[in-house]
Amino acid sequence: MKLTTKQLTLCAVLTALALAFSYLENFFPLSLAIPIPGIKLGLANIVTVYALYALGPAQALLILTGRCLLGAVFAGNMNALIFSLLGGFSAMLVMILLSRSRHLSIYGVSIGGAAAHNCGQIAAACLTLGSMAPLYYLPILLGASLITGAVTGVAAACLFRALVHTNILR
């Protein structure tokens, strides 16, 4: 895959934006509103959904991979890398498949991605703990993914509406 300078620059800017969203999310104590451990809005996924629709699966995967790797390096938490990668790649695979359906909007694709992300993270927990016990937490996370995925989908749709009059993708 050969990227033009404009595509490469846009991928870099979107990766930086996703990293910033991921970092900013730490300042919003979602646990005060939803007292369930491990639940996040997934603000960085706004960028992932946007990139999937605007740039295509290959560039969206590059942005996701860059965000996961750089996020782990900047946070100094390489142990979290497996959770980030398994969750992110699971979400991306499901969103690529769902985005090809004519019956699903960006909202449905985003919700499917949020659910797949949680499944990937539970799989990472099972692998690292060597136990199937984290599977008991999956129904709670899947319920939360309906809300977080919808919020991400709405934000991505708003981003498209806001950028419709620009020539950023031309």
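If you're wondering where the values come from, they're calculated on a predicted model, not measured in any experiment. Only heavy atoms go into these numbers, but all of them, side chains included; no hydrogens, no water, no symmetry mates.
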Trainee: Tell me, with the steps shown, if Ile147 and Ile39 meet side-chain contact (heavy atoms from CB on, under 4.5 Å).
Mentor: CA-CA 11 Å; Ile147 298 166; Ile39 293 186; over 6 Å; no
Trainee: To the closest 0.5 Å, what do you measure between CG (Leu163) and CZ (Arg161)?
Mentor: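 Rounded to the nearest 0.5 Å, the CG-CZ separation comes out at 12.0 Å.
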Trainee: Count I, L, V, M, F, W, Y as connected when their side-chain heavy atoms are under 4.5 Å apart, and connections chain through other members. Are Tyr53 and Val13 then in the same cluster?
Mentor: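 Different clusters: Tyr53 never reaches Val13 through Ile, Leu, Val, Met, Phe, Trp or Tyr contacts under 4.5 Å.
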Trainee: For Lys40 versus Thr148, what's the shortest heavy-atom pair and its separation?
Mentor: O-CG2, 3.3 Å
Trainee: In the single-linkage hydrophobic clustering (I, L, V, M, F, W, Y; side-chain heavy atoms under 4.5 Å), do Leu86 and Leu62 co-cluster?
Mentor: no
Trainee: Please round to the nearest 0.5 Å and tell me the distance separating atom OG1 of Thr15 and atom CG of Leu19.
Mentor: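 So the OG1 of Thr15 and the CG of Leu19 are separated by 7.0 Å.
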Trainee: Give the minimum heavy-atom separation between Ala114 and Gly149, together with the two atoms involved.
Mentor: CB-CA, 3.7 Å
Trainee: Taking all non-hydrogen atoms of both residues into account, name the closest pair between Val94 and Gly112 and its distance.
Mentor: CG1-O, 3.7 Å
Trainee: Drop me the distance from Asn45's CG to Ser22's OG, to the nearest 0.5 angstrom.
Mentor: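 Output value for this atom pair is 9.0 Å.
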Trainee: Just do the side-chain contact (heavy atoms from CB on, under 4.5 Å) check on Ile63 and Leu55 with the steps written out, would you?
Mentor: CA-CA 10 Å; Ile63 292 165; Leu55 302 174; 4.0 Å; yes
Trainee: So, for Pro57 and Leu52, which heavy atoms are closest and what is the spacing to 0.1 Å?
Mentor: CA-CD1, 3.9 Å
Trainee: Would you indicate whether the side-chain heavy atoms of Arg67 and Leu64 approach each other to under 4.5 Å?
Mentor: yes
Trainee: Rounded at 0.5 Å granularity, tell me how far OG1 in Thr48 sits from CG in Leu43.
Mentor: 11.0 Å
Trainee: Using a 6.0 Å cut-off, check whether atom CE of Met132 has over 12 heavy atoms from anything other than its own residue.
Mentor: no
Trainee: Do the side chains of Val151 and Val154 join up, straight or via other hydrophobic residues, at under 4.5 Å, putting them in one cluster?
Mentor: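 Yes, same cluster.
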Trainee: Given side chains that start at C-beta, do those of Ile106 and Val49 come closer than 4.5 Å, heavy atoms only?
Mentor: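 When only atoms from C-beta onward are counted, Val49 and Ile106 do touch, with a gap below 4.5 Å.
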Trainee: Should Ile122 and Leu127 be regarded as members of a common hydrophobic cluster, given that ILVMFWY residues are connected when their side-chain heavy atoms come within less than 4.5 Å of each other, either directly or indirectly?
Mentor: no
Trainee: Measure the spacing between CG of Leu14 and CD of Gln7 and express it to the nearest 0.5 Å.
Mentor: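 If we round to the nearest 0.5 Å, Leu14:CG and Gln7:CD are 12.0 Å apart.
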Trainee: Where is the tightest heavy-atom contact between His117 and Gly88, given as atom of each residue plus distance?
Mentor: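 Heavy atoms of His117 and Gly88 come nearest at CD2-N, 3.6 Å.
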Trainee: Please work out which of the three classes, parallel, tilted or perpendicular, describes the rings of Tyr50 and Phe160, given edges at 30° and 60°.
Mentor: tilted
Trainee: Do Phe83 and Ile140 sit in one hydrophobic cluster, given that two such residues count as connected whenever their side-chain heavy atoms are within less than 4.5 Å of each other, even indirectly?
Mentor: no
Trainee: Between Glu25 and Leu41, is there a donor-acceptor pair closer than 3.5 Å when you use the side chain of the first and the backbone of the second?
Mentor: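 Looks like yes, one N/O pair under 3.5 Å.
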Trainee: Which pairs count as side chain to side chain donor-acceptor pair (under 3.5 Å) when at least one residue sits in residues 76-101, sequence neighbours excluded?
Mentor: none
Trainee: Hey, what do you get for CG (Leu141) to CG (Leu135), rounding to the nearest 0.5 Å?
Mentor: 11.0 Å
Trainee: Looking only at heavy atoms, what is the nearest atom pair of Ile82 and Ala124, with distance?
Mentor: O-CB, 4.0 Å
Trainee: Take Cys119 and Leu142, measure what side-chain contact (heavy atoms from CB on, under 4.5 Å) needs, and give me the verdict at the end.
Mentor: CA-CA 8 Å; Cys119 290; Leu142 290 176; 4.0 Å; yes
